[in-house]
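Below is one structure, written out as structure tokens; comments come after it.
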Amino acid sequence: MEKLLFLYNPKSGKGAMNEYLSQVVDYYSKKGFLTSIYATQQAGDGRRKVMEIGKDFDRIVVSGGDGTLDEIISGSIKANINPIIGYIPTGSTNDFSVSVKISDDIEKAIETSVKDEPLSIDVGKFENKYFIYVAAFGSLAEVSYDTDQSMKNTIGRLAYVIEGFKSLKNVKSYHMRLNIDGEIIEGDYMVGAITNSVSVGGFKGITGEDVNLSDGLFEVTLVKSTKNIIQLNEILNELGNDNTHSDLLVTRKAKSIKIICDDYVNWTLDGEYGGSLKECKIDVIKQAARINTGLK
């Protein structure tokens, strides 16, 4: 009998998972799994638990938001294990589940979590930390995640950028030198993101349509600094129409990025604070995690 570890965040989604616990155990038992349950107690607890006991299980299923999933995947990598991972999204944004078509219906997600056709996905390494779908700085990293979901899905990139640039005069600029797979780029940027997702912050379409979660490449998007409303309108028009031809935008696909900045930059990794650094190196670890998805 396969052993399954079910880790869930009891506070995620206002405790949405709590009423499904008996259903989870019953379903997994019927599928032939011996299930152990653990409720995470604080930030980082899921990562620590996986590093401590993950090796004793054949599968790990996690319920929570993208941050909780991030903990389980990063904990598995740090523990040098590669279990099949299931994900039941109950967070407020759930960007990753959108990318891999995991239903936000808990009962459907429970069924998907123990499929036998896992997808091997790429994972980002940010210095000694890991992320699944986004490392970002600037207004993009600080944008509110509370914007109405229907507006996010309807106008995509445009809504995201508008949210990030509510007060253009207060947007900070960073002078950076980037080495993107050997190509040197230098300039002043107010927004940047390295992503492996079709949705960031709940907004779809920001990273374009040609996104492959398993190709060993992440998408790089940089917005050059401007205090000029005409240039800002140009950026909004380009992003709103899913175009990336503006001179004010830098877009690349890359497997390795090194960034040197004149000032300290605050980063977010999968929606969580990632640190304040002047220099950082970001690498893609190809197909580093196995996860059950809703993809055909």
Inset, instruction - Decide yes or no on side-chain contact (heavy atoms from CB on, under 4.5 Å) for Glu71 and Lys49, but give the supporting numbers first. - result: CA-CA 10 Å; Glu71 289 188 17; Lys49 188 56 64 174; over 6 Å; no
Inset, instruction - Begin with the C-alpha distance, continue with both residues' side-chain angles, and end with the deciding distance and a verdict on side-chain contact (heavy atoms from CB on, under 4.5 Å) for Val100 and Tyr87. - result: CA-CA 10 Å; Val100 295; Tyr87 181 36; 5.9 Å; no
Inset, instruction - Take Ile184 and Leu178, measure what side-chain contact (heavy atoms from CB on, under 4.5 Å) needs, and give me the verdict at the end. - result: CA-CA 6 Å; Ile184 304 301; Leu178 301 96; over 6 Å; no
Inset, instruction - Verify side-chain contact (heavy atoms from CB on, under 4.5 Å) between Gln287 and Asp122, making sure each step is shown before the conclusion. - result: CA-CA 4 Å; Gln287 299 180 11; Asp122 303 332; 3.8 Å; yes
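Atom-to-atom distance recorded for Ile102:CD1 and Thr293:OG1 is 6.5 Å, nearest 0.5 angstrom. Interatomic distance, Met190 CE to Ser225 OG, rounded to the nearest 0.5 Å: 6.0 Å. A distance of 7.0 Å separates CG of Leu34 from NZ of Lys3, quoted to the nearest 0.5 Å. Interatomic distance, Leu217 CG to Asn212 CG, rounded to the nearest 0.5 Å: 8.5 Å. Between atom CZ of residue Arg290 and atom CD1 of residue Ile60 there is a gap of 11.0 Å, rounded to the nearest 0.5 Å. With rounding to the nearest 0.5 angstrom, the CG atom of Leu69 is 7.0 Å from the CD1 atom of Ile85.
The two residues Leu269 and Gly274 come nearest to each other via the heavy atoms CG-CA, 3.8 Å. Closest approach of Gly192 to Leu222, counting heavy atoms only: CA-CD2, 3.9 Å. Across Met1 and Gly32, no two heavy atoms sit closer than the pair CG-O, 3.1 Å. When every heavy atom of Ala43 is checked against every heavy atom of Arg48, the shortest pair comes out as O-NH2, 3.7 Å. For the pair Ile121 and Ser214, the tightest heavy-atom approach, listed with the atom from each and the gap, is CA-OG, 4.1 Å. Closest approach of Ser36 to Phe57, counting heavy atoms only: OG-CE2, 3.7 Å.
For Lys108, the side chain to side chain contact (heavy atoms under 4.5 Å, CB included) test picks out Ser103, Asp105, with sequence neighbours left out. The ring-ring contact (aromatic ring centres under 6.0 Å, His included) test applied to Phe6 returns Tyr8, not counting sequence neighbours. Shown here are the side chain to side chain contact (heavy atoms under 4.5 Å, CB included) partners of Asp181, two or more places apart in sequence or in another chain: Ala254, Lys255, Ser256. Annotation: salt bridge (charged side-chain N to carboxylate O under 4.0 Å, His left out) contacts of Arg59 (sequence neighbours excluded): Glu2, Asp116. Partners of Lys78 by side chain to side chain contact (heavy atoms under 4.5 Å, CB included), not counting sequence neighbours, listed by chain and number: Arg47, Met51, Tyr130. Taking the salt bridge (charged side-chain N to carboxylate O under 4.0 Å, His left out) definition, one finds that Glu111 meets it with nothing, sequence neighbours left out. With sequence neighbours left out, the ring-ring contact (aromatic ring centres under 6.0 Å, His included) criterion links Phe33 to no other residue. The salt bridge (charged side-chain N to carboxylate O under 4.0 Å, His left out) check on Lys281 picks up Asp283, with sequence neighbours excluded. Legend: residues meeting salt bridge (charged side-chain N to carboxylate O under 4.0 Å, His left out) with Arg177, ordered by chain and number and at least two apart, are Glu186. In this structure Ile81 satisfies the side chain to side chain contact (heavy atoms under 4.5 Å, CB included) test together with Val50, Lys55, Ser76, Ala79, Pro83, sequence neighbours excluded. In this view, Tyr38 and Asp45 satisfy the side-chain hydrogen bond (donor to acceptor under 3.5 Å, both in side chains) rule, not counting sequence neighbours.
In this structure, Asp56 places its CG atom where more than 12 heavy-atom neighbours from other residues, nucleotides or ligands lie under 6.0 Å away. Counting heavy atoms of neighbouring residues, nucleotides and ligands inside a 6.0 Å radius, atom OH of Tyr273 exceeds 12 of them.
Side chains of Asn292 and Ser113: a donor-acceptor N/O pair is absent below 3.5 angstrom, by distance only.
A ring-ring contact (aromatic ring centres under 6.0 Å, His included) with Trp267 is found for exactly one of Phe126, Phe131, Tyr174, namely Phe126. Exactly one of Asp188, Asp262, Asp263 qualifies for a salt bridge (Lys or Arg N to Asp or Glu O under 4.0 Å) with Lys172. That residue is Asp263. Considering Ile132, Ile73, Asp70 as possible partners of Val123, the one that fulfils the side-chain contact (heavy atoms from CB on, under 4.5 Å) test is Ile73.
Cluster membership for Tyr20 and Val61, using ILVMFWY side-chain heavy atoms within less than 4.5 angstrom, is shared. The hydrophobic clustering, which links ILVMFWY residues whose side-chain heavy atoms are closer than 4.5 Å, places Leu5 and Val25 apart. In terms of hydrophobic clustering, with Ile, Leu, Val, Met, Phe, Trp and Tyr side chains grouped at heavy-atom distances under 4.5 Å, Ile260 and Tyr189 are assigned to different clusters.
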Please list every donor-acceptor pair under 3.5 Å in which a side-chain atom of residues 10-19 meets a protein atom from a residue at least two apart or in another chain.
{"residue": "Ser12", "atom": "OG", "partner": "Thr90", "partner atom": "O", "Å": "3.0"}
{"residue": "Ser12", "atom": "OG", "partner": "Thr90", "partner atom": "OG1", "Å": "3.0"}
{"residue": "Asn18", "atom": "ND2", "partner": "Gly15", "partner atom": "O", "Å": "3.2"}

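Using a 4.5 Å heavy-atom cutoff, the side chains of Asn179 and Ile257 are not in contact.
Of the possible donor and acceptor atoms, one in the side chain of Gln41 sits under 3.5 Å from a partner among the backbone N and O of Ala39. Not one N or O on the side chain of Asn266 forms a donor-acceptor pair closer than 3.5 Å with the backbone of Ser276. Distance alone, capped at 3.5 Å, is enough to place a donor-acceptor pair between the Asp270 side chain and the Tyr133 backbone.
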